[in-house]
Protein chains: 2
Amino acid sequence: MPPQRATTVAERLRLMSGELTAAERKLMAALFANYPMAGLGSITGFAREADVSTPSVLRLAKKLGFSGFPAFQEELRSELSAQLQNPIAKHDRWAAEAPDTHILNTFATAAMENLSGSLKLMDHRAFDAIVGLMADRKRKVFVAGGRITGAIAAYLVTHLQMARPGVSLMPSTPTVWPQYLIDTDKNDVLLFFDIRRYDARMLDLAASARERGATIVLITDQWISPIARLAVHSIPLRIEAPSSWDSNVVPLFLAEALVAATVNASWHETEARIAEIETLSDSERRGK
Amino acid sequence: MPPQRATTVAERLRLMSGELTAAERKLMAALFANYPMAGLGSITGFAREADVSTPSVLRLAKKLGFSGFPAFQEELRSELSAQLQNPIAKHDRWAAEAPDTHILNTFATAAMENLSGSLKLMDHRAFDAIVGLMADRKRKVFVAGGRITGAIAAYLVTHLQMARPGVSLMPSTPTVWPQYLIDTDKNDVLLFFDIRRYDARMLDLAASARERGATIVLITDQWISPIARLAVHSIPLRIEAPSSWDSNVVPLFLAEALVAATVNASWHETEARIAEIETLSDSERRGK
DNA sequence: TGAAGCCTGTCAAATTCGTTACAGTGGTTG
DNA sequence: CAACCACTGTAACGAATTTGACAGGCTTCA
C-alpha cells in the first residue's frame with residue numbers, strides 16, 4: 001500500500017526535509033535515532049519519544065502519503081523485513097545512506113579513531129593541571145595558534161573570555177607580539193596550539209615568553225612540536241585525516257573540554273559573569 | 001519487562017518447545033518463518049497468520065513470562081534494535097585513566113553521539129550537491145558565521161582558499177556586508193554557519209543575498225535556523241554538550257569533510273595549486 | 001463407555017489506540 | 001496594529017485491539 005515502492009520512508013523523509021515543520025523534524029530526528037524501530041510502537045509512544053503530540057505524528061504520516069499511521073507502520077515493517085532478508089546490507093557505515101567509501105564515512109571513521117586514540121594516550125592529570133591554570137583568575141591567559149590552528153585558538157579565546165577576564169588571543173602577525181610580551185610576567189599562561197608544519201616563529205615566541213617567566217602550555221600532535229621542551233604541560237593529539245590536511249576536530253574537542261572544565265572549576269565566580277554576558281548581548285540585539 | 005534479559009524470545013521459545021501445545025507450536029512456526037517481523041503487527045494479524053485464535057497468542061505470550069502481548073512485542077522490538085544498533089554506541093571509558101565522570105569522558109561520549117547522530121540524519125546527496133557548488137570555480141564562495149561559529153567559518157575559508165580561488169570570509173561586522181554583497185551575483189554561493197541563538201542579522205544577510213540571486217547553503221543545528229527557508233541545501237547537525245555552550249566539533253568535522261570532498265572533486269585543478277602554495281609558504285619561511 | 005483434564009475457539013467487556021475537530025499560539029503582512 | 005496564516009496541542013469521538021470468561025471438543029485412562 002505504499003504510495004511509491006521505489007523509495008523508503010527514510011529516503012522520502014530526507015527528500016521532504018525542506019518542507020517539514022518543527023514538530024515533524026523532531027519526529028524525523030527521533031525516527032532516525034533508532035530507525036526504524038522507533039516507529040514500530042504505538043503512535044503515542046512514538047509521539048512521546050519525539051516530544052510531540054500524537055496528531056503531529058499522524059500529520060507526518062499523511063504528509064508522506066500514507067492513509068494513516070497503521071499504513072505508515074506497515075511500510076516500515078516491510079522495509080525492515082526486506083532489509084533483514086539480504087544480510088549484505090550490513091550497517092558498519094556511519095552515514096546510513098551513503099556508500100562505505102563516501103568521504104563522510106571515511107572521515108567519520110578517522111575522526112572517531114583520532115578521538116579515542118587521543119583519549120587513550122591522554123594524561124588526565126595534565127589536563128586537570130591546565131584547567132587549574134585557566135581557572136586561576138590571578139593569571140592572565142594568552143592563546144596562540146598558527147596559520148591553521150589560529151581558528152581553533154580564536155574559538156578557545158571566545159569561550160574563555162565568557163568564562164573569565166584576562167584572556168587574549170595572540171595575533172597571527174609576529175610583528176605585534178612584543179606589545180603582548182611586554183605585559184607578560186611570571187604569573188601568566190601562554191597556551192599554544194602547534195601542530196605539524198610547526199611554525200619556527202611560534203617557537204621563538206614561546207622562548208621569549210618563557211624567558212619572562214610565563215607558564216607555557218602546549219596542545220600539539222602526536223609528533224610533538226619542539227615547543228614541548230619549553231612547556232610545563234604538553235598534550236599530544238591524533239590528527240590524521242584522509243585528506244590533504246590534518247584534522248583539527250580533536251583539538252577543537254579539547255578546547256571545548258578545557259572551557260567546560262574551567263567553568264566547572266570556578267562555577268561560583270563564573271555563573272554571574274555568564275548571566276551578565278547574556279543580558280548584555282540581549283540588550284545589544286534589541287538595540288539594533 | 002522481560003523476565004530474563006539474557007535470552008531472546010527465539011531462544012526461550014526453543015527451550016520451551018517441548019512443553020508447547022499444538023496452537024502454540026503453530027505460532028512458533030509462524031514467528032520463525034519471518035522472525036521477528038511476524039510478531040510486530042497486531043495480535044489478530046499474528047493469530048491469522050498462524051491460523052490460530054487471538055487468545056492463543058496471548059496465552060503463549062504469558063507462558064513466556066510476559067505480562068501481555070504488548071510486553072512481548074516490546075521485547076521483540078528491543079531485541080531487533082539491539083541487533084541493528086551500531087556497535088560503536090557501546091563504550092567503556094574513553095580516557096582510560098580518568099574516572100567515568102571526568103569531563104573528558106562525558107565530553108567524549110557527547111561528541112561521539114553528536115557525530116553518529118548527525119550522520120544518521122544527514123542527507124548525503126545534499127552534501128554532494130554542496131561539494132559540487134564549492135568545486136565549481138565559476139562561482140565565488142562566501143562563508144559567514146556568527147559570534148561563535150565565526151571561527152569555524154574562518155577555518156573553512158582558510159582551507160578552501162588553498163583548494164580554489166574566489167573564496168572569502170564574510171566579516172563579522174554587518175556594516176561592511178554591503179561591500180561584499182555588491183559583488184555577489186547569481187552564480188555565487190553563500191555558505192552560512194548558523195546555530196542556536198540564531199543571529200537576526202545573518203538572516204537579513206541571507207535574504208539580501210538571495211534577492212541578488214545567490215545560492216544559499218546552510219549548516220545549522222537540529223532546531224534549524226530560519227535561514228533554512230532561503231537555502232537550497234540545509235544540513236542539520238547535533239551539537240549538544242555537557243557544558244554551558246554548544247559543541248562545534250561536528251560543524252568542524254563537516255567543514256573538513258567538505259574541503260576534502262571539494263579537493264577530490266576537482267583534483268586535477270587543485271593539485272598544482274596546493275603544490276604551489278607549499279612552495280610559496282616554504283620560500284616565505286626561508287625569507288624570514 | 002464414561003468421565004476427567006487440558007486445549008482451543010467464540011464472544012463480549014474493557015482498554016487502548018488512531019483519528020477528527022477545534023482552539024490557542026506565534027509569526028508575518030498589509 | 002489588526003487581520004491572517006500556518007502550525008501545534010488539547011479534547012473528544014469512534015474504531016480496533018487486547019484481554020478475560022465461558023463452553024465445546026479432543027484425548028486419556030479407568
Side-chain angles (χ1 to χ4, degrees), chain A residues 1 13 16-31 38-77 285-286, chain B residues 1 16-31 38-77 194 197-204 206-208 210-211 222-230:
Chain A
M1 222 69 55
L13 268 175
M16 299 187 71
S17 60
E19 307 151 39
L20 293 183
T21 70
E24 287 163 352
R25 261 184 255 119
K26 277 190 187 174
L27 283 165
M28 171 171 157
L31 181 58
L40 290 181
S42 73
I43 191 172
T44 42
F46 184 25
R48 201 170 28 240
E49 198 125 332
D51 198 33
V52 228
S53 72
T54 338
S56 294
V57 180
L58 186 63
R59 284 189 270 261
L60 178 60
K62 296 211 162 168
K63 203 170 192 173
L64 289 170
F66 296 100
S67 65
F69 185 73
F72 167 79
Q73 262 192 344
E74 196 192 330
E75 169 67 7
L76 283 181
R77 269 200 302 276
R285 199 164 303 175
R286 260 194 293 278
Chain B
M1 222 58 59
M16 299 186 73
S17 60
E19 310 151 37
L20 293 183
T21 69
E24 287 163 352
R25 235 172 283 130
K26 275 189 182 175
L27 283 167
M28 174 171 150
L31 181 57
L40 290 180
S42 75
I43 192 173
T44 44
F46 186 24
R48 200 169 33 240
E49 197 125 332
D51 199 32
V52 200
S53 74
T54 343
S56 294
V57 180
L58 185 64
R59 282 190 272 264
L60 177 61
K62 296 211 160 171
K63 202 169 193 172
L64 290 170
F66 296 100
S67 67
F69 185 72
F72 168 79
Q73 261 193 344
E74 196 191 330
E75 170 67 9
L76 283 181
R77 270 200 305 274
D194 194 26
R197 308 303 299 271
Y198 312 114
D199 193 329
R201 291 166 301 190
M202 296 262 284
L203 182 57
D204 295 342
S208 306
R210 177 71 192 267
E211 269 168 33
Q222 61 184 124
W223 296 279
I224 309 213
S225 150
I227 295 176
R229 278 181 304 167
L230 302 167

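FYI, side chains are in, hydrogens and waters are out, and symmetry mates aren't considered; it's all heavy atoms of this structure. Below, chain A is the first sequence line, B the second, and so on; all start at residue 1. All of these numbers come straight from a predicted model, not from anything done at the bench.
Spacing between atom CG of A/D51 and atom C1' of D/dT10 amounts to 15 Å, rounded to whole angstrom units.
Under the side-chain hydrogen bond (donor to acceptor under 3.5 Å, both in side chains) criterion, B/S208 pairs with no residue, sequence neighbours left out. Under the side-chain hydrogen bond (donor to acceptor under 3.5 Å, both in side chains) criterion, A/K62 pairs with no residue at all, not counting sequence neighbours.
Side-chain contact between B/L203 and B/D194 is absent, with no heavy atoms from C-beta onward closer than 4.5 Å. Contact of the B/R77 side chain with the B/Q73 side chain is registered, since non-hydrogen atoms from C-beta on lie closer than 4.5 Å. Counting heavy atoms from C-beta outward, B/V52 and B/R59 have side chains that stay 4.5 Å or more apart. Side-chain contact check for A/L60 versus A/L20: some heavy-atom pair is nearer than 4.5 Å.
Using a 4.0 Å heavy-atom criterion, one finds that A/V57 contacts no nucleic acid atom at all.
Taking CZ of A/R48 as the start and CD1 of A/I43 as the end, the distance is 12.0 Å to the nearest 0.5 Å. Rounded to the nearest 0.5 angstrom, B/S67 OG and B/E74 CD are separated by 9.0 Å.
Remark: DNA chain D forms stems of 3 or more consecutive Watson-Crick or G-U wobble pairs, all pair distances under 3.5 Å, at C:1-30 with D:1-30.
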Distances under 3.5 Å between protein N/O atoms and the N/O atoms of nucleotides 13-19 of chain C, please, pair by pair.
{"unit_1": "C/dG18", "atom_1": "OP2", "unit_2": "A/I43", "atom_2": "N", "d": "2.7"}
{"unit_1": "C/dT19", "atom_1": "OP2", "unit_2": "A/F69", "atom_2": "N", "d": "2.9"}

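Scanning residues 20-28 of chain B for heavy-atom distances under 4.0 Å to DNA chain C yields B/T21, B/A22, B/A23.
The minimum heavy-atom distance between B/I224 and B/Y198, with the atom names listed, is N-OH, 3.3 Å. Across all non-hydrogen atoms, the minimal contact from B/F72 to B/A61 is CB-CB, 4.1 Å.
A/E19 places no side-chain N or O within donor-acceptor distance of the main-chain N or O of A/M16, the cut-off being under 3.5 Å.
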Exercise. What string of B, S and - do you get for nucleotides 22-30 of chain C 5' to 3' if you count protein non-hydrogen atoms under 4.0 Å?
Worked result: ------S--

